[in-house]
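Inspection log for the structure reproduced underneath, given as structure tokens.
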Amino acid sequence: MKKLAVLGSTGSIGTQVLDVARRFPHLYRLVGLAAGRNLELLAAQVREFSPSFISVAEQDGKAVLAGLLGAQRPEIGWGEEGLKQVATMPDADLVVAATLGSVALAPVLAAVRKGKRIALATKELLVMAGRLLMSEVTKFGAEILPVDSEASAIFQALQGHRKEDVRRIILTASGGPFWHWNDLEDRRISVEEALNHPRWEMGKKISVDSASLMNKGLEVIETHFLFDLPVEKIAVHIHPESVVHSLVEYKDGSVIAQMAITDMRLPIAYALSYPERLELDLPSLDLVKVKTMSFLAPDVERFPCLDLAYRAARTGGSMPCVLNAANDVAVAAFLNRQLSFQDISRIVARTMEGHSLSSMETIEDVLQCERGASKLAEQLVQQMGRG
């Protein structure tokens, strides 16, 4: 039986991880859960799975959760130290990192330094600190298994092949809700329109990133670090049908694609069961029903966030961290209706222009870069909002 520790158990990915584990109680046992502020849901998860240690975001939440669970409760931690305790539990065979943002950086690095196998759903960690994180993975003999559908597709298409034979990686993107809008720059785009993804059901932040193609740009950087490939070997194709989740082209011209229905439980299950596969009770991919599949080149004039991500990846150093931090601030401002959709890329571009490049040798370097970029982006949001 494989023992799981889950960071971010009440989020979109975390709840789906628990759903997969629920389907296979003879294969998985939840030993640790960490969540943010959704204490009612966390309490329900604790009652169902009986982990031995749990953690919440804030100290006040610890007392509230203790009250919800009563006397028969596991040990409860809180904050970053609580996350680290879940991530480094000695009996955890697999740590699932599904916590949003930089809050997961120190816990994941702590798990890496314990030589853990980590199912990583937080691509932002690789964007912020990819070189630091992957060097520590090598040093301590840890393992990263991707949970993102595109990164999982690449991981699967690489199985049984030599990395030196790879000619290029092709990341597919649905294009989001605005791909066919030729007058995108002139449109007043509402938050509701940006959240209306045509294929996937996702959280608000990632839905906006998908609409701007920033999510695909972040995946370019994630792929660069995770698979140790030069940015020049990573291409993006728009694939509105979202059947092919990514492709690997080899030097002899052969292309291997991973295809599946649009359900995050597939890449989650593969990360949980690797190198085996689980028999999931999900619909098969019906290619006859799909009928046709189309692939298009991305238009970076209309979707400049993708170009900004490539630029950050090529620049290296602290620039990917700056890109990620500025985008977080800009998307939050858009969701709060302080900025237009088109302003997101402008905030990111101006933050990158105002940044002095630095190396990223430690966690503190990463966090300091994130704080500085976020502060500058927030100032730009205020200026643009007043303008």
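Just so it is clear, the model here is predicted, and its values are computed rather than measured.
Rounded to the nearest 0.5 Å, atoms CG (Leu226) and CD1 (Ile169) are 10.0 Å apart. Atom CE of Met360 sits about 11.0 Å away from atom CE of Met319, to the nearest 0.5 Å. Residue Ile76 holds its CD1 atom at 12.0 Å from CD of Gln59, rounded to the nearest 0.5 Å. Atom CG in Asp365 sits 13.0 Å away from atom CD in Glu370 (nearest 0.5 Å). Interatomic distance, Glu150 CD to Leu218 CG, rounded to the nearest 0.5 Å: 11.5 Å. For the atom pair CG (Asp328) and OG (Ser374), the distance works out to 7.0 Å, reported to the nearest 0.5 Å.
Other residues, nucleotides and ligands place more than 12 heavy atoms under 6.0 Å from the NZ atom of Lys205. When the shell of 6.0 Å around CD of Glu192 is examined, it contains more than 12 heavy atoms from other residues, nucleotides or ligands. The neighbour count for Glu40 CD, taken as heavy atoms of other residues, nucleotides or ligands under 6.0 Å away, does not exceed 12. Residue Arg131 qualifies as open at atom CZ: its count of foreign heavy atoms under 6.0 Å is 12 or below. For Leu280, the CG atom sits in a packed shell: over 12 heavy atoms of surrounding residues, nucleotides or ligands are nearer than 6.0 Å. Taking a 6.0 Å sphere around CG of Asp281, one finds it holds 12 or fewer heavy atoms contributed by other residues, nucleotides or ligands.
At a threshold of 4.0 Å, the pair Glu219-Lys216 counts as salt-bridged, since one of the basic side-chain nitrogens sits closer than that to a carboxylate oxygen. For the pair Glu378 and Lys375, the salt-bridge criterion is not met [side-chain N within less than 4.0 Å of a carboxylate O]. Under 4.0 Å is where a charged nitrogen must lie from a carboxylate oxygen, and between Arg371 and Glu364 at least one such pair does. For the pair Glu222 and Lys123, the salt-bridge criterion is not met [side-chain N within less than 4.0 Å of a carboxylate O]. Checked for salt-bridge contact, Arg168 and Glu232 miss the test: no charged N lies under 4.0 Å from a carboxylate O.
Taking every heavy atom of both residues into account, Leu145 and Ala271 meet most closely at CD1-O, 3.4 Å. Between Thr172 and Val244, the shortest heavy-atom contact is OG1-O, 2.7 Å. Contact record, Leu126 with Phe225: O-CD1, 3.3 Å, taken as the closest heavy-atom pair. Leu132 approaches Glu361 most closely through the heavy-atom pair CD1-O, 3.5 Å. Summarising the geometry of Thr15 relative to Ser12, their closest heavy-atom pair is OG1-O, 3.0 Å, with the distance given to 0.1 Å. Taking each heavy atom of Met89 and Gly32 in turn, the nearest pair found is SD-CA, 3.6 Å.
Remark: the backbone N or O of Leu105 is not paired with any side-chain donor or acceptor of Ser102 at under 3.5 angstrom. In this structure a side-chain-to-backbone donor-acceptor pair under 3.5 Å is missing from Ser318 to Ser359. Side-chain N or O atoms of Ser152 include none that pairs as donor or acceptor with a backbone N or O of Asp148 at under 3.5 Å. Within the 3.5 Å criterion, the main-chain N or O of Gly14 finds no donor-acceptor partner in the side chain of Ser9. Put simply, the side chain of Thr122 never gets that close to the backbone of Leu125: no donor and acceptor are under 3.5 Å apart. Checked by atom type and distance alone, the side chain of Glu124 never pairs as donor or acceptor with a backbone atom of Asn324 at under 3.5 Å. Judged by distance alone, with hydrogens and angles left aside, the side-chain atoms of His161 form no donor-acceptor pair with the main-chain N or O of Asp165 at under 3.5 Å. Formation of a donor-acceptor pair under 3.5 Å by the Gln159 side chain with backbone atoms of Phe155 is found in this model. In terms of modelled atom types and a separation under 3.5 Å, the side chain of Asp263 and the main chain of Arg265 share a donor-acceptor contact.
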- request: Output, in order, the C-alpha distance, side-chain angles, deciding distance and verdict of salt bridge (Lys or Arg N to Asp or Glu O under 4.0 Å) for Lys2 and Asp93.
  value: CA-CA 6 Å; Lys2 189 177 291 186; Asp93 302 305; over 6 Å; no
Test salt bridge (Lys or Arg N to Asp or Glu O under 4.0 Å) applied to Arg22 and Glu48, step by step: CA-CA 9 Å; Arg22 182 182 294 115; Glu48 178 179 3; 2.6 Å; yes
task: Walk me through it: do Gln156 and Tyr274 pass the test side-chain hydrogen bond (donor to acceptor under 3.5 Å, both in side chains)?
output: CA-CA 10 Å; Gln156 293 180 57; Tyr274 177 79; over 6 Å; no
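Taking the six-membered ring for Trp and the full ring otherwise, the centers of Phe178 and Phe341 sit less than 6.0 Å from each other.
Side-chain atoms of Glu353 and His355 include no donor-acceptor pair closer than 3.5 Å. In the model, Ser246 has no side-chain atom that pairs as donor or acceptor with a side-chain atom of Gln258 under 3.5 Å.
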